[in-house]
Structure formats: C-alpha cells, structure tokens
Participant: 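Dropping a structure here in structure tokens format, bear with me for questions.
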Protein chains: 2
Amino acid sequence: MSQNKEHHSGTVTMESVGRLAGVSQVTVSRALNDPSKVSAKTLQRIKDAIELTGYVPNMVAGALASKRSHLIVALIPSITNFAYSEFIKHFIQVMRGHGYHVLTAETGLSMEEEESVLATMLSRRPDGIMMTGINHSAKCKRMLLGSGIPVVEIWDMTESPIDTCVGFSHAKSGEETAKFAHKKGYRNALAISAADERALRRKDAFCETFRKLGNNPVKEICLDSPASLELGRKSLAQAIDEGFKNGVVMCSSDLLAHGVIIEAQTRNLRIPEDIAVIGFGNQNFAAFTVPSLTSLHVDRAYLGSQAATALMARIDKKPLQKNCIDIGFEIVERDSA
Amino acid sequence: MSQNKEHHSGTVTMESVGRLAGVSQVTVSRALNDPSKVSAKTLQRIKDAIELTGYVPNMVAGALASKRSHLIVALIPSITNFAYSEFIKHFIQVMRGHGYHVLTAETGLSMEEEESVLATMLSRRPDGIMMTGINHSAKCKRMLLGSGIPVVEIWDMTESPIDTCVGFSHAKSGEETAKFAHKKGYRNALAISAADERALRRKDAFCETFRKLGNNPVKEICLDSPASLELGRKSLAQAIDEGFKNGVVMCSSDLLAHGVIIEAQTRNLRIPEDIAVIGFGNQNFAAFTVPSLTSLHVDRAYLGSQAATALMARIDKKPLQKNCIDIGFEIVERDSA
DNA sequence: TTGTATGCGTTATCAA
DNA sequence: TTGATAACGCATACAA
C-alpha cells in the first residue's frame with residue numbers, strides 16, 4: 001500500500017478480480033492457467049469474483065507477455081470454393097481443440113496478393129501459418145523463414161517444403177485420371193481446366209499421359225474465370241462447336257463436370273456412351289447427379305486434421321516422423337465414365 | 001545513456017530500428033502511424049532501417065497500448081455454406097480496406113455453441129462483432145452488451161437489434177414466395193426446408209400465406225441434416241411416395257431445388273407443368289440448370305458491404321441514419337416456376 | 001501456496 | 001520536429 005497505483009478504470013482485469021478476491025494479480029493468473037497451483041479456498045473466491053465482475057481474459061495482453069498468440073493464420077485462394085472451405089472447416093475444428101483461433105484470409109490465385117496478405121498477417125504474430133500450395137514468391141518465403149514461425153503447406157506435394165507439407169501430387173492425379181480413362185476404353189479426350197496453377201498441372205499431366213497411352217489428341221479448354229456450372233456448359237458447347245464429337249471429358253472440378261453433364265443432356269448426347277465425364281473433388285453432390293459423376297476424391301476432412309496435427313507438432317516442437325505427408329487420392333467410379 | 005537497457009534479443013522492434021536510424025523508438029512509431037509528423041530526412045533513414053532489418057510491426061503490442069485491435073470477430077452458422085461464405089467474403093474485403101482483419105468462426109445452429117464461441121472470441125478484444133441472425137441466448141446478449149463492443153447482426157431483421165442490423169425479413173420472403181406461386185396459378189404445394197430457424201420461418205410464412213390464398217393444403221418436409229442435392233432428391237421422392245402428385249415445390253435453398261429438379265426428371269415429370277420448383281438464394285448455378293431455376297435472390301455482396309459499412313460507422317462513432325437496414329430481396333423468375 | 005518485480009512492444013501524454 | 005515517460009494487462013522468474 002505504499003504507492004497509490006489505484007487506477008481503477010472501467011475495465012475488469014486480473015488486478016481488479018484479485019482485489020475483490022483478496023489476492024494478488026498473479027494468483028488470479030495462476031487460477032486460470034494452472035489451477036492446481038492454487039488452494040481450493042482461494043480458487044473458489046477467485047471464481048466467485050470472476051463471476052461477479054464478468055471478467056473476460058485479455059488474450060492481447062497475454063500474447064504480448066508470453067509471446068504466444070494462440071493464433072494461426074491460414075491463407076487459402078478462395079473462401080467460397082467448397083474444396084478449401086471444407087478443408088479449413090476441419091482444420092479450424094482441430095485447432096480449436098488445442099486452444100487456437102484461426103484467422104483465415106483469401107489470397108486469390110496470385111503470388112503478389114498472397115505476399116501482401118501474408119505481410120499484414122505476420123504483424124499478428126501468429127504461432128503457426130498454413131499456406132495453400134507450394135509455390136510462393138521469393139519474398140514470401142523470406143518473410144516466412146525470417147519469422148521463424150512454423151508453417152504447413154497444404155493441397156500439394158513437394159520434396160522441399162518451407163517447413164512441413166501435407167497434400168497430394170497433382171501431376172500424379174492427372175496421370176491416374178488419364179490411365180483410368182484409357183483403361184475404360186476412351187480414345188478421344190477433352191480437358192477443361194480452370195486457370196489456377198494446380199489445376200493446370202493436373203490437366204497437363206492428364207493430356208501428356210493420355211497422348212502417350214493412345215497416341216490420340218486431347219482437346220484443351222482453359223478458363224479464365226473461376227469454375228462454375230455455367231462455364232462447364234459453355235465449355236462443352238464450345239468444344240462441340242469446334243468439332244469435338246465424342247470421348248471423355250476431364251474437368252478440373254465437379255462443378256464444371258456437372259455443367260458438362262447438363263449441357264450434354266440438353267443436346268441429347270448419351271452419357272457415358274457419347275460423352276463420358278470425370279470430375280475432380282468428389283463433392284457430395286457427385287453421387288446424386290444423373291448420371292452420377294465419376295470423380296477424383298481427396299479426403300479434405302482428413303487433410304484438414306492432418307495439417308492441423310502436423311502444425312501443432314511443429315509449434316510444440318515435438319518430433320515429426322516426416323515433414324511431408326502424402327494423403328493420396330482415389331478415383332471414385334460412378335456412371336458418368 | 002544512463003542505465004544500460006541494452007537487451008537486444010533476436011526480434012526486431014521499433015527500438016532496434018530506431019537505434020539503427022539514429023532516432024528514438026517513438027519517432028519510429030510516428031513514422032509509421034503519422035509520417036507527416038516526421039521530417040523527410042529521418043523518415044528516409046527510418047525507411048532504410050526498416051528495409052535493412054526486415055522489421056514487421058507488432059499489432060499485439062499496438063493493440064494493447066492503443067486498446068484497438070483492428071480485429072473484427074464474425075460468427076456464422078457454417079463456413080461451407082455458400083450463402084454465408086459469399087457474404088463473409090465481401091464483408092472481409094471491405095473490412096480489409098479499412099485496415100481490419102476478420103476472425104471468422106463457425107457457430108453451427110445452436111445458441112449454446114454460439115455462446116461458447118463468442119465467449120472465447122471476446123478475449124481477443126475485437127473492435128467489432130458480426131453476428132448471424134437476431135436470436136441469441138440471454139447470456140450472449142449480456143456478454144455483448146457488457147463488452148461495449150459495436151455489433152452488427154445480419155441476415156435477418158428486427159426492430160430491436162443489439163446494436164445495428166442489416167438484413168431482410170424471412171417471414172416476408174416466405175409470404176412473397178407464396179403470393180408469387182399463387183399468382184402463377186399453382187394450387188397445390190410442397191415445402192421442403194432445412195431445420196434452421198430462419199428457413200423454418202420462411203417455410204411457415206409460405207405455408208400460411210399459400211393456404212390463405214387458395215384454401216389449399218401444403219405438404220411439408222423438414223430435414224434434419226444440412227441441405228444437399230441428395231436431400232432435395234430424396235425429399236421429392238418421399239413426397240411422391242406419400243401422395244404428392246403435382247404442384248409447386250418451395251425449397252429452403254437452391255441446392256435442394258436442384259435436387260428436386262433432378263429427381264423430377266428421372267421420374268419423367270415435366271417442369272413446371274407437373275412439378276414447379278422455387279429455390280432460395282439464387283446461387284450462380286440457378287440460371288444454368290435445366291430448366292433454369294426460379295429463385296429468391298438476396299444480394300449477399302451488397303449485404304456484406306452494407307454490414308461492414310454499418311459496423312465501421314459504429315466503431316468510428318459516426319452517426320448512423322438507421323440502425324436497421326432492410327436490403328430486401330427479389331424473386332427471380334426463370335423456367336422452373 | 002502466495003506475492004514482488006520485471007518485461008513484452010507498442011501508443012498516448014507531456015515536455016522540450 | 002523530436003524525445004522521455006508512463007501506461008496497456010498479463011506471464012515469467014524468483015523470492016518468501
């Protein structure tokens with residue numbers, strides 16, 4: 001009681017809770033973070049005081065003092081894209097179980113955008129960072145490495161991740177799709193792809209493999225807007241206008257594939273006899289289109305939890321068996337191909 | 001230089017940047033927050049020092065000192081639901097333009113979940129909060145009011161918001177849908193609705209209005225899982241099994257409506273002659289189904305920016321003309337009804 | 001089991 | 001135009 005440090009402002013702090021409970025601020029802190037270190041009696045008094053005052057912990061102050069923000073920054077290309085939003089949903093759930101909040105931000109598909117978003121996000125001092133993909137600008141990598149913050153890259157595969165990586169090989173998925181199509185007897189192909197780099201890699205691998213297998217040409221359509229039902233329809237229409245008659249259509253997403261199905265039907269083309277369709281993503285509508293859609297499945301829930309687990313291990317500095325986890329994929333055969 | 005407070009740890013701070021530039025820490029702070037108050041020369045030296053050191057501002061410390069976190073907490077029922085994710089995308093974009101980050105969290109559809117999520121989020125000391133809907137637990141409202149943080153409730157309408165509200169009337173939208181259906185000559189109806197409270201309110205208003213208008217019965221199906229193409233199909237199948245022969249089908253989402261269309265087609269029912277379909281949400285695929293889907297449109301991009309603008313006004317304590325903004329809706333007539 | 005002292009990296013308030 | 005100083009609310013180390 002020597003100095004008058006009585007600055008009761010309106011806000012409830014550990015200090016004021018402690019005053020009410022007749023203990024010091026530190027004891028309140030302990031009561032919340034490690035109750036076993038506080039006697040039962042004072043614990044109760046503190047709980048009562050918290051109840052009475054409606055105290056809400058201040059993580060901002062806590063983060064500054066402890067240098068742990070309990071915040072994860074997650075960068076994904078698009079929030080509205082179901083593939084990413086479903087992944088992130090599971091990622092968030094696991095992280096929440098560990099006491100972390102996830103600040104999600106959209107990067108579009110350009111490295112510049114990603115770089116500028118990351119730059120402002122780093123000022124939040126996240127304990128971990130999730131990046132989509134393995135291709136980032138040099139400055140981006142420098143910032144990441146320089147920050148010393150654990151990073152997990154997802155939705156792709158590399159031998160040399162920034163830190164850790166959980167995903168699958170897009171090239172391999174394109175290859176396997178081509179092999180599948182060839183084995184099913186299709187000798188003519190059309191590939192419709194969104195313009196993002198990973199989709200293009202799948203498409204290129206598909207085309208190359210398909211050509212090698214049958215020495216047949218593959219017609220390619222590359223979109224410049226985000227995939228949609230509309231663009232699936234228009235792409236098939238365009239291909240047919242340009243002479244595509246029959247064969248298998250490889251799409252970079254199920255939404256496109258559904259559009260192709262619809263367009264084929266309006267033109268009275270039989271599926272899969274005239275036009276066979278293969279999607280990507282195996283969204284939950286794929287089994288219920290008519291005909292049902294053959295699609296490449298990636299377990300996004302599993303990916304989310306694996307990515308979260310890997311990142312948590314790095315944050316807790318626990319040993320990690322592998323810093324690259326390939327979760328693979330699987331072609332789900334249905335009626336469209 | 002009296003006391004040796006030389007504790008250069010590894011981290012770059014305003015202190016170390018200042019030391020390099022030959023100025024005090026405060027000057028660095030000013031250079032970043034209000035450059036006009038710093039001379040051109042020192043500004044350049046500071047910029048150079050920042051470049052050299054790779055300094056990244058620490059918003060955690062800034063937030064603690066200024067009591068402004070530049071963080072918004074946004075609570076939505078589901079991240080993967082396109083209606084919410086598209087809204088939040090625009091909300092985030094506008095907020096980002098104002099220098100704010102948006103921490104998005106999922107609440108499911110229960111008030112308890114929302115309450116517990118909100119409780120932990122409040123410890124981040126957000127400058128503003130976005131809540132979905134107008135129904136919250138008493139404790140939730142108490143926490144919100146007690147925090148003194150500006151709140152915007154979206155996607156619904158009320159005369160007595162917690163703070164501000166931007167949305168539309170679900171009851172009215174159900175009414176209008178019924179009037180539309182009746183005017184189009186449909187005298188028999190089926191309503192398929194997800195179980196969330198707002199969808200149910202739309203459905204109830206639809207049923208009540210439709211009955212009043214024609215004195216005809218409305219068959220109702222209420223789902224217990226999130227809406228999907230599959231459930232749209234199954235619901236129509238179930239209704240037909242139970243005797244529903246023809247009429248208009250009001251769906252609580254476009255996804256359900258699309259499922260209804262597909263199921264009707266597999267049964268060789270004509271649309272809209274045998275079965276007419278009205279969706280909700282006017283997702284961008286609605287114009288490209290076959291037949292194209294009549295749907296109730298809500299401008300989610302506009303909603304996002306209006307909500308952000310309203311919240312910003314409250315944060316900046318600028319006057320707000322109205323604390324309730326009804327953005328309305330519109331029935332987009334296409335071929336399915 | 002509890003308390004004291006100190007620092008986390010900023011912003012805000014003065015003073016020069 | 002600049003700088004010294006004091007918060008901001010908590011966690012950590014150390015002492016009792």
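In what follows, chains carry the letters A, B, and so on, assigned in the order in which the sequence lines appear, proteins first and then strands, with residues in each chain numbered from 1. Just the heavy atoms: all of them, side chains too, but no hydrogens, waters or symmetry mates, feed the values below.
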Participant: Establish, with yes or no, whether the OP1 or OP2 oxygen of C/dT2 is under 4.0 angstrom from a side-chain nitrogen or oxygen of A/Thr42.
Facilitator: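 Affirmative; the distance criterion is met.
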Participant: If you look at every strand shown and take non-hydrogen atoms under 4.0 Å, does B/Val23 touch a base, only sugar-phosphate, or nothing?
Facilitator: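 The answer is sugar-phosphate, as B/Val23 gets under 4.0 Å only of primed atoms, P, OP1 or OP2.
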Participant: If you look at every heavy atom in B/Thr158 and B/Ile134, which pair is closest and at what distance?
Facilitator: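 Residues B/Thr158 and B/Ile134, closest heavy atoms: CG2-CG2, 3.6 Å.
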Participant: Could you measure the distance from the CE atom of B/Met130 to the OG1 atom of B/Thr164? Nearest 0.5 Å is fine.
Facilitator: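 Result: 10.5 Å between the selected atoms.
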Participant: Go through C/dA12, D/dT12, C/dT2 for me and flag the one nearest to the A/Arg68 side chain.
Facilitator: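 So the nucleotide nearest the side chain must be D/dT12.
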Participant: Given C/dT1, is OP1 or OP2 found less than 4.0 Å from the side-chain N or O atoms of A/Thr27?
Facilitator: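 False: A/Thr27 side-chain N/O out of range (4.0 Å or more) of C/dT1 OP1/OP2.
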Participant: Rounded to the nearest 0.5 Å, how far does OH of B/Tyr84 lie from CZ of B/Arg300?
Facilitator: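 Going from the CZ atom of B/Arg300 to the OH atom of B/Tyr84 covers 11.0 Å.
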Participant: Round to a whole Å and report the spacing from CZ of B/Arg125 to P of D/dC10.
Facilitator: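 So the two atoms are 7 Å apart, to the nearest Å.
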Participant: Below 3.5 Å between N/O atoms, which protein atoms pair up with nucleotides 14-16 of chain D? Just atom names and distances, please.
Facilitator:
none

Participant: Is the phosphate of D/dC10 approached by A/Ser29 (side-chain N or O, under 4.0 Å from OP1 or OP2)?
Facilitator: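 Indeed not, no polar side-chain atom of A/Ser29 lies that close.
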Participant: Specify the separation, in whole Å, of atom CD of B/Glu15 and atom C1' of D/dA4.
Facilitator: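 Nearest whole value for this atom pair: 12 Å.
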Participant: Without decimals, in angstroms, what is the distance between A/Leu64 CG and D/dA7 P?
Facilitator: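 Whole-Å distance recorded here is 17 Å.
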Participant: Which residues, if any, of residues 46-56 of chain B bring a heavy atom under 4.0 Å of DNA chain D?
Facilitator: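 Here the set is empty: none.
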Participant: For B/Gln25 and C/dG9, what is the distance between atoms CD and P respectively, to the nearest whole Å?
Facilitator: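 Whole-Å distance recorded here is 11 Å.
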Participant: Inspect the contact between A/Arg45 and A/Glu51 and indicate whether a charged nitrogen and a carboxylate oxygen are less than 4.0 angstrom apart.
Facilitator: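 Judged by the 4.0 Å cut-off on N to carboxylate O distance, A/Glu51 and A/Arg45 do not form a salt bridge.
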Participant: From the set D/dT5, D/dG9, D/dT12, return the single nucleotide nearest to any side-chain atom of A/Val26.
Facilitator: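 Per side-chain heavy atoms of A/Val26, the pick is D/dT12.
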Participant: At under 4.0 Å, does any side-chain N or O of A/Thr11 touch on OP1 or OP2 of D/dG9?
Facilitator: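 It does, given that an N or O in the side chain of A/Thr11 lies less than 4.0 Å from OP1 or OP2 of D/dG9.
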Participant: OP1 or OP2 of D/dA11 less than 4.0 angstrom from a side-chain nitrogen or oxygen of A/Asn33, does that happen here?
Facilitator: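 Yes, A/Asn33 has a side-chain N/O under 4.0 Å of OP1/OP2 on D/dA11.
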Participant: Find the distance B/Leu122:CG to D/dG9:C1' and express it as a whole number of Å.
Facilitator: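 Taking atom C1' of D/dG9 as the reference, CG of B/Leu122 is at 17 Å.
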Participant: Out of C/dG3, D/dT2, D/dC10, which has the shortest distance to the side chain of A/Ser24?
Facilitator: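 Ranking C/dG3, D/dT2, D/dC10 by closest atom to the A/Ser24 side chain puts C/dG3 first.
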Participant: Given atom CG of A/Asn58 and atom P of D/dC8, what is their separation to the nearest angstrom?
Facilitator: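 In whole Å, D/dC8 P and A/Asn58 CG are 12 Å from each other.
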Participant: Nearest whole Å is fine: how far is D/dC10 P from A/His70 NE2?
Facilitator: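 Those two atoms, NE2 and P, are 14 Å apart.
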Participant: With axes from five pairs an end, tell me the bend angle of the helix from C/dT1-D/dA16 to C/dA16-D/dT1, nearest 10°.
Facilitator: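 The end axes of the helix from C/dT1-D/dA16 to C/dA16-D/dT1 are about 30° apart, to the nearest 10°.
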Participant: Can you measure A/Lys37 atom NZ to C/dT1 atom P for me and round it to whole angstrom units?
Facilitator: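 After rounding, the gap between these two atoms is 10 Å.
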Participant: C/dT2, C/dT11, D/dG9: which one has an atom nearest the side-chain heavy atoms of A/Ser39?
Facilitator: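 Of the candidates, C/dT2 comes closest.
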Participant: Do A/Glu113 and B/Arg96 meet the salt-bridge criterion of a basic N to acidic O distance under 4.0 Å?
Facilitator: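 Salt bridge between B/Arg96 and A/Glu113, a charged N being under 4.0 Å from a carboxylate O: yes.
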Participant: When you measure from the side-chain N and O atoms of B/Lys67 to the phosphate of D/dA7, is any distance below 4.0 Å, counting only OP1 and OP2?
Facilitator: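 Looking at the OP1 and OP2 atoms of D/dA7, neither is under 4.0 Å from any side-chain N or O of B/Lys67.
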